[in-house]
Amino acid sequence: DTGVSQDPRHKITKRGQNVTFRCDPISEHNRLYWYRQTLGQGPEFLTYFQNEAQLEKSRLLSDRFSAERPKGSFSTLEIQRTEQGDSAMYLCASSPGFYNTEAFFGQGTRLTVV
Amino acid sequence: AQSVSQHNHHVILSEAASLELGCNYSYGGTVNLFWYVQYPGQHLQLLLKYFSGDPLVKGIKGFEAEFIKSKFSFNLRKPSVQWSDTAEYFCAVNFGNEKLTFGTGTRLTIIP
């Protein structure tokens, strides 16, 4: 399968713990995006990378959130000191980076903070 | 503020019925428009997209959408739905920046 892959698929953590998610985009896709989706809502943009550079961060991305894409390939999203409000599906998407192309989504990581 | 509205939250249809799901956005500039579908337990998949040209676009699985610029709308249609179309449908708009803004989604249930 050459699509976007995310790991883990599910994560249950206790409030206050740190969690890290990984995203492997489609090979040779320059752009990588993170979105968050809560129940009954559409995905909301968190941040995106052009190669290894993080070019935009949403106001939704508080100081407890950090994302990296160290070599312009896979990306990680870390949440420190998790809160119950962080419970959501975290989606990764990638695109070739050219104008007028769509984003390809992974299956997401479902985070539950208890 | 730039936003996307999907007014139908849950639609229930019988097989072979015709489908139209509404999508409106608030912005007067150039936009790129998308419809994504999410089948149960699966990832978001692109149904169709509009960037420019013919405002009537055809996508996969018999879906089509019409961009009406004057109405800021991009409604999704299918003349005859099947049970396998049961899914959640998301309209998404690129407002000339690097991200997608999604609507809240429409859950479609097809009754056999």
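Each chain gets a letter, A, B and so on, in the order its sequence line appears, and its residues count up from 1.
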Student: Let's test your reading of the structure: which of Q6(A), E44(A), E56(A) forms the most heavy-atom pairs below 4.5 Å with chain B?
Tutor: E56(A)

Student: Does any backbone or side-chain atom of L44(B) lie under 4.5 Å from a heavy atom of chain A? Answer side chain, backbone, both or neither.
Tutor: both

Student: Mind listing the closest non-hydrogen atom pair of F34(B) and E102(A) along with its distance?
Tutor: CE2-CB, 3.8 Å

Student: Side chain, backbone, both or neither: which part of E88(B) has a non-hydrogen atom closer than 4.5 Å to chain A?
Tutor: neither

Student: Can you tell me if D63(A) has over 12 outside heavy atoms packed within less than 6.0 Å of its CG?
Tutor: no

Student: Linking I/L/V/M/F/W/Y whenever any side-chain heavy atoms sit under 4.5 Å apart, do L76(B) and V31(B) land together?
Tutor: yes

Student: Just so I understand: if I count every heavy-atom pair under 4.5 Å between each of L100(B), N97(B), T101(B), L46(B) and chain A, which residue has the most?
Tutor: L100(B)

Student: Tell me, for L91(A) versus chain B, whether the close heavy atoms (under 4.5 Å) come from the side chain, the backbone, both or neither.
Tutor: side chain

Student: Take atom CD1 of I12(A) as the centre, draw a 6.0 Å sphere, and report whether it contains more than 12 heavy atoms from other residues, nucleotides or ligands.
Tutor: no

Student: At a heavy-atom separation under 4.5 Å, does Q50(A) approach chain B through its side chain, its backbone, both, or neither?
Tutor: neither

Student: Has I60(B) got more than 12 heavy atoms of other residues, nucleotides or ligands less than 6.0 Å from its CD1?
Tutor: yes

Student: Nearest heavy-atom pair of Q107(A) and Q42(B): which atoms, and what distance?
Tutor: NE2-CA, 4.0 Å

Student: Identify the two heavy atoms, one from F90(B) and one from Q41(A), that lie closest to each other, and give their separation to 0.1 Å.
Tutor: CE2-O, 4.0 Å

Student: Around R15(A), counting heavy atoms of other residues, nucleotides and ligands shown, do more than 12 lie under 6.0 Å from its CZ?
Tutor: no

Student: A quick test of your reading: do over 12 heavy atoms of other residues, nucleotides or ligands sit less than 6.0 Å from CD of E20(B)?
Tutor: yes

Student: For a 4.5 angstrom cut-off between non-hydrogen side-chain atoms, does K99(B) reach Y35(A)?
Tutor: yes

Student: State plainly whether one hydrophobic cluster holds both W34(A) and I26(A), where clusters connect Ile, Leu, Val, Met, Phe, Trp and Tyr through side-chain heavy atoms under 4.5 angstrom apart.
Tutor: no

